[in-house]
Structures are given as structure tokens and as C-alpha cells.
Amino acid sequence: MRGRRWRRVASQVGRSVTVWAVSTVTMLVLAGILPDFQLQSADGDSATSIAVTAALGAGAFGLLSAIFWPLLVRLLLLVPALVLGLLVFFLNGSLLIVALRLVPSGDSEAAPETAVIVAAVMSAVASATGAALAVRDDDAYRRRLYRLADRRRRALPPGPSSPGTVFLQLDGVGHDVLRDAVGKDLMPTVARWLGDSDSDSDSDSDSDSDGDRTVTVDGARPTHRLTPWRTDWSSQTGASQLGILHGSNHDVPAFRWYEKAGREVMVCNRPTSAAELQRRAVDRTGDGGLLTADGASRGNLFSGGADEQALVLSIATKRRSRENRSRAGYFAYFSDPANAVRTALSFVAEVGREIAQSTRARVRKVRPRVSRGGLYPFVRAFATVVERDVVVAAVMGDMLAGRTSVYADLVAYDEVAHHSGPCSRDAEKVLERLDRALALIENVAEHAPRPYRIVVLSDHGQSPGETFRARYGLGLGDLVRAGCGLPVPRKAQRTHSGAEARAAVRAALRRPVEEGGEAHRPSRRRSEPLVLASGNLGLVSFPDVPHRMTKEEIDARHPALLTTLANHPGVGFVLVRSEEHGGLVLGAYGAEIPLDQLDDRPGPLEVFGPGAADAVRRTHSFPNAADIMVNSAYDPADGGEVLAFEEQIGSHGGLGGAQGKPFLLSPLAFSAPVDDGEDLVGAEQVHRVLRRWLGEANGPQVPLAVEPEERAA
């Protein structure tokens, strides 16, 4: 035992000396390349003197970084996260200048801007060297993971034996997209879990595209099963994640909608709206959420009742302790200067990658295509680099602390797919990186104080297709105004995107209100409707009428409006309330089908597949359903395309195609999500499945769920 301890100490000393030597060489090389960085006096010094100076400078820089960097970041915790990211280079450069002044010779100096460059390069090289030396050393690898993870680890009772559960949400990744990625060998970790270790082999595999999949290829033993599930009509993160984490997404008709009672526009990725939606769900179920027993919520819209919350939108506007503040997760990551430098450099590289990819798409005149200029390259880089790195590090910290349950959302794919397309090469590259994140989390489980079962799921998919405006030259708002007999502006404003990553950026910048979006309390003239978009789902409301208008009332006010919408080739169907029939679905050529007759006469809903009628009936029962609900056309024969009412070529939010078919990838150690021949339908049912699995883990039991109120017919 004593010999092992000494070998471990010797190994650690050897790695430290090696990193110091590599840092010294790096400093010497940079001093020879950069004109404003010198390690010798004006009269010149011997090579030995310069080498000693470099060694002392590198050692002082490493020591200062280890001692003062966590303190500096802690002092700057109140600074918005993105600003902190930009301060990384400045702080590193300042530490280098101090280190050079501590060198006894006093001849070393560097211009401030040069010090920033030197410090960044040295931190990156030292980090890479340390990681490379620790690859074959399990103890060192575990210590490295501890440093990457949350440093505020809690003490647990000795030897927890019951397994914990990690739920990883790959935002926007549809069931078929995941299967295609496995088949293309883009996600080897997922392929190994499914037993597809040789995805490109010619071996036959038994699979059911509409059901659970647990296949064995070339003798590989699967550890997980892949199950598709079907979303509600509102196929977007707000509705799905609220249902998954809190057991109820009642009265969430879309990503954004107008509530007449409060005269307010609700937006799922607005912190105030997210907090209110979470409160309503808790009141409805009588339960705090999926994560109430020793849980952690990371990077989500909602907390799930977790004690540990970081980067959670619903608490972004609250005053909480530093440990539970929504941005607290950034400190855990940026307190390591190597992490900060690596992420900052990756951020810059991702911005350049997006600019190059969008330029190539414009030059090649790729269709469909949307604008990807302005701040979008930075939003994409935040989602695919900063948010991913910070959330993964937080999850690792939770596992190393032995938490019972963790739920985390990774939004990278969703953000890229919105603008590049769900099946684009850009989106596939993101899937490759997400798979590497899954592999890293799997490796951490080997060093955690308790066994972990990893569940991967998505909240919705994405359906491809050009925008409604690109296809027809006008937006949904323009079409509604034309149907009302109102003037249509020649150059209408674009509809703002509802991508989830923008919410994380705004929260990081402490600007929670969606700029350029809808006002909280719109002031409109009596005859002007309010038109909101959620992917390929449109909502039309008349703010001056305090109740949900009926078809008869709408026809009396605007006789041509409903006919204009229902007969437009870009519209699949329209839902309104009728005094005579209750809910009424309108389609082209005068089709009018009451909701209670949809099973016998599906009409316009037939093309949307099984479950569409039930989804529409449920949304019709919501108190805040819009006066007019509009779903875009859907063409399953043309690649499953829909027409987004927002500026997105990969969209979700309504009915039609892959957007309504996410996945659930679960360990075989858990019971099957549903019985054979049954479908997994709705986020609320997914919540019940996940809650059952937490009970099966034989750990601290979650409180029993109070069944939601019976849904109205």
C-alpha cells in the first residue's frame, strides 16, 4: 500500500515536471517568435541564463494560475457569463506579466497584448500536455475529471450502493436522425450501447422503426434500447420539458401564445414565463418534479424540483444563493484556467467555422437557406461550445458527488439544425461532438462513488423545409392581415426565431426579455389581430375580445379570414371553436369537420398520421388556445417537409414529420417504457416512465406523483 502511494506521488511529480518543462520550451519559442516578448536584457544574456529565466517564468505563471485563478473567477461570479469568458484572456495575460516581474533577473517583459497571447498558448499547451500524460493513469484521469467538474463536492454517506440516474437531453434530435447517425458511424458511443458496434457491416439486424430496438450485430451485446415517442401538438422544448420534468404541460399550446386573462404574451424561453409555467405545473400536479429527491438540473428551462440548479432559465430572474444561482455553473467550469482558455479558443474557432459554412452555402446557392449573419455565429458558438462544455462539466461534478438523479439539456444540435437543416453536414458534425460528450460522461461513471445508469432522450425532432415566406413571398401575419382586409406592408418584418440557445445567451448576459420580440402587453387597434409563430404552428388572437372567439364571431367580423387561411396551399388545417359544433377543423375546399368526428372523418388531418386527432382535441381543451390555430402544410412524399412560419429551415412546434418523433434511449436494466404493441405518447407519459425508473433504481425514492386533473374532452 505504501509502495503504491509513493508510486502515485512520483507519477504526479513526474507529470508536473514534464508540464513545467513543456511550458518552459513554449515560452522560449514564443519569445523567439513575438517581437514584443523578451526573456533577456538589452545587452544580451547567455543561453543558460535565458533558459533559467524561462523556467522560472513558466513556473511562476503556473503557480499563480493555480493559486489565484479560482479566487479571481469567484470574485467575478457576478459578471455575466459571456463577459467572464471574454475576460479570460485579459486575466491570463495579467498573471503572466506578474509572473515575469517575479523572475529575479528582472529583464523579462511583455507588452500587454502580447502577454495575452503568450498566456493563452501556454495554458492550452500545459493543459494538453497534462491530459496526454494522464491518459494511461486511472488515478490521474480521475483527478483531472474532478478538476473539470464542480469543485464544491458534497460529502455522501459512505459507500452508496444504489445506482444513480443521469438523464441527458439532446435537444431537437429526432428518432430517425439518431438512427441515421448510428448507421453513418457518426455516434459510435450510441452505436455501442445499441449493439451496433460495426454500423457499416453487412450483417442483418432485427429492428422495428416504430418500436423498441435492442439489436445485436456481430456478437456485440446491447446495453440500451431505443424507443420512439410522440409529442403533443406543441412539439417544442417548453411543452415537452415541462411535461417531462414536472408531469404536466397542460395549457401550453405553443412556444409563444397570447393569454387574454393577463393580456400578456407568454414565451417559453423567457425567464418570467418559464417561472410561471413551472409554478402552474407544480400547482396542478401537487408535486415538485422529477428531481425532488437529491436531484440536479443543468442547462434546462425548468428545475424539475432539483435542489442543485445551474443554468436553469426559470430561476434566472430570482435572487438565490450563489450555489443555486442560474449562472453558478459557469464558475465551476471557468475556475480552471485551462478550461477557460480551451473553451474560449474553441468558441472563436466555431464562429469562424459558421462564417465559412454560411459563406459556402451562399456561394453555392443552397436551397432552402435562411440568413445566418448578425449575431448568429456567436449564438451558435455559445450553444455548441460554451453551453455544452459547462453543462457536461456540471454533470460530471454531480456524478462525482454521487447525486441520485441529474437532468441536463444540450441544445447544440437544435440550434445548428434550425439554420443549416436537420440532416445537413453542419448538424452531423454537432452529433459527432455530442457523442464524444456522452463517451466522456460514461467514463466519469467509472470513477463515481456509485454506479450510474445513463438515459439519453430528446424533447422533439425537427422537420425540414423552406420557410412559408420564402415559398409564397409573404409571412403568416401578412396573410392574416390580407384576410382581414387590412393593408399588408411591402416589406414585412421577419418573424423572430424561437431557438432555445438564444434564451441561454440572454440569461448569461442578464437580458432575459426577448429583444425585438412581442411586447408583454400588446396595444392594438380593435380590428388588428395578434399573430404569433412557433415553428410551423401559427396562433391568431384578437386581444380586444376577452374570450376565445367562435367561428361565427370571426366570420361576422372578418368574413374572408378563415376561408383565406384554410384554402391557402401553405396551410394544412385550421382549428377554431364553433358555437354549433364545439371544436372545428377547417381545410381546403370548404372542409369543416367537428373534433368529435375526426376519427371517422380525418379529412385534413389524415396526412399527419396517427395521434394527430387526439393531439388537436387536447390542445382545443386548453383555456389559452388561440382564437385561430394554424398548422402549415405537410408533404410526407417530399422528404417530410413543412413550412415554418419562422425563419428556420429546420423547424418544430406543430404537427408534421420528424418534429413529432423524438427518442428515448434507456438502459436494459430498466423496465421497458411501454408494453409491446403500445405507443409512448406525450411528455406527461414520458415523465411517468422516468419516475418509475427512478423507483426501480432502489435509491432514495421520489415522492409519489399526484395524478394530473382529468383532461377535458
Would you check if Phe468 and Glu646 make a side-chain contact, meaning some heavy-atom pair closer than 4.5 Å? no

Donor-acceptor check, side chain of Asn631 to backbone of Leu655, threshold 3.5 angstrom: yes or no? yes

Is His418 close to Tyr376 at the side-chain level, that is, under 4.5 Å between some pair of heavy atoms? no

Heavy-atom closest pair (Ala626 atom, Arg548 atom, distance to 0.1 Å) is O-NE, 3.1 Å

Would the distance check show the side chain of Thr564 and the main-chain N or O of Gly483 forming a donor-acceptor pair, the cut-off being under 3.5 Å? no

Under the criterion side-chain hydrogen bond (donor to acceptor under 3.5 Å, both in side chains), I'd like the reasoning laid out for Thr292 against Asp287: C-alpha separation, chi angles, the key distance, then a yes or no. CA-CA 9 Å; Thr292 51; Asp287 176 71; 4.8 Å; no

Quick one: which of Cys423, Pro422, Pro662 gives a side-chain contact (heavy atoms from CB on, under 4.5 Å) with Gln462? Pro422

Could you verify whether a donor N or O on one side chain and an acceptor N or O on the other, from Ser578 and Glu552, lie under 3.5 Å apart? yes

So Cys484 and Pro529, do their side chains get closer than 4.5 Å, heavy atoms only? yes

Of Asn300, Asp414, Asp409, the residue whose pairing with Gln169 passes side chain to side chain donor-acceptor pair (under 3.5 Å): Asp409

Of all heavy-atom pairs linking Ala408 and Val391, the shortest is CB-CG1, 3.7 Å

Verify, without hydrogens or angle tests, whether Gln236 (side chain) and Ala254 (backbone) share a donor-acceptor contact under 3.5 angstrom. yes

Using modelled atom types and a 3.5 Å cut-off, is there a donor and acceptor pairing between side-chain atoms of Arg256 and backbone atoms of Ala533? yes

Distance alone, cut at 3.5 Å: any donor-acceptor contact between the side chains of Asp679 and Trp229? no

Please examine the side chains of Leu539 and Val531, heavy atoms only from C-beta on, and report whether any two atoms are closer than 4.5 Å. no

Give the C-alpha distance, both sets of side-chain angles, the deciding distance and a yes or no for salt bridge (Lys or Arg N to Asp or Glu O under 4.0 Å) between Arg481 and Glu528. CA-CA 8 Å; Arg481 290 182 63 86; Glu528 294 195 14; 3.6 Å; yes

For Ala612 and Phe608, the nearest pair of non-hydrogen atoms, with its separation, is CB-CB, 3.9 Å

Out of Gln685, Glu684, Arg691, which one pairs with His687 under the side chain to side chain donor-acceptor pair (under 3.5 Å) rule? Arg691

Please answer whether the main-chain N or O of Ala637 pairs with a side-chain N or O of Asp635 as donor and acceptor at a distance below 3.5 Å. yes

For Thr237 and Asp171, does a side-chain donor sit closer than 3.5 Å to a side-chain acceptor? yes

Would you kindly say whether Ser235 and Gln659 are connected by a side-chain donor-acceptor distance under 3.5 Å? yes

Worked check of salt bridge (Lys or Arg N to Asp or Glu O under 4.0 Å) between Arg469 and Asp478: CA-CA 9 Å; Arg469 182 182 299 279; Asp478 303 329; 3.4 Å; yes

When you compare the side chain of Leu643 with that of Asn536, does any pair of heavy atoms fall below 4.5 Å? no

CA sep, side-chain torsions, deciding dist, call: Val616, Leu605, side chain to side chain contact (heavy atoms under 4.5 Å, CB included): CA-CA 9 Å; Val616 171; Leu605 292 185; 4.1 Å; yes

Determine whether the side chains of Asn624 and Glu259 contain a donor N or O and an acceptor N or O closer than 3.5 Å. yes

Are Phe573 and Trp233 near enough that their ring centres are under 6.0 Å apart? yes

Let's go through Leu584 and Leu595 carefully: what are the C-alpha distance in whole Å and the side-chain angles of both, what is the deciding distance for side chain to side chain contact (heavy atoms under 4.5 Å, CB included) to 0.1 Å, and is it a yes or a no? CA-CA 6 Å; Leu584 193 65; Leu595 289 183; over 6 Å; no

Any donor and acceptor pair, going by atom type alone, linking the side chain of Arg298 with main-chain N or O of Leu311 inside 3.5 Å? no

Spell out, as yes or no, whether a donor-acceptor pair under 3.5 Å connects the side chain of Ser240 to the backbone of His460. no

Any side-chain heavy atom of Leu690 sitting closer than 4.5 Å to one from Leu664? yes

Output yes when Arg380 and Glu354 qualify as a salt bridge under the 4.0 Å nitrogen-oxygen rule, no when they do not. yes

Do Arg577 and His620 come close enough that some side-chain heavy atom pair is under 4.5 Å? yes

Would you call Arg557 and Asp627 a salt bridge, taking side-chain N to carboxylate O under 4.0 Å as the test? no

Out of curiosity, Gln648 CD to Thr467 OG1, how far, rounded to the nearest 0.5 Å? 10.0 Å

His558 vs Glu553, test: side-chain hydrogen bond (donor to acceptor under 3.5 Å, both in side chains). Steps then yes/no. CA-CA 9 Å; His558 301 294; Glu553 290 175 317; over 6 Å; no

Side chains of Arg618 and Asn249: do they bring a donor and an acceptor to under 3.5 Å? yes

As a quick check of understanding, evaluate side-chain hydrogen bond (donor to acceptor under 3.5 Å, both in side chains) for Ser314 and Gln278, giving each step before the final call. CA-CA 7 Å; Ser314 62; Gln278 180 173 307; 2.9 Å; yes

Any idea how His246 and Phe302 line up, ring-wise: parallel (<30°), tilted (30 to 60°), or perpendicular (>60°)? perpendicular

Apply side chain to side chain contact (heavy atoms under 4.5 Å, CB included) to Leu474 and Val488, showing your working. CA-CA 9 Å; Leu474 78 169; Val488 177; 5.6 Å; no

Tell me whether Gln597 at atom CD has more than 12 heavy atoms from other residues, nucleotides or ligands lying less than 6.0 Å away. yes

I want to check something: taking the side chain as every heavy atom from C-beta on, are Pro569 and Tyr472 in contact at a cut-off of under 4.5 Å? yes

Before giving the answer on side chain to side chain contact (heavy atoms under 4.5 Å, CB included), spell out for Asp614 and Val681 the whole-Å C-alpha distance, their side-chain angles and the decisive distance to 0.1 Å. CA-CA 10 Å; Asp614 290 338; Val681 180; over 6 Å; no

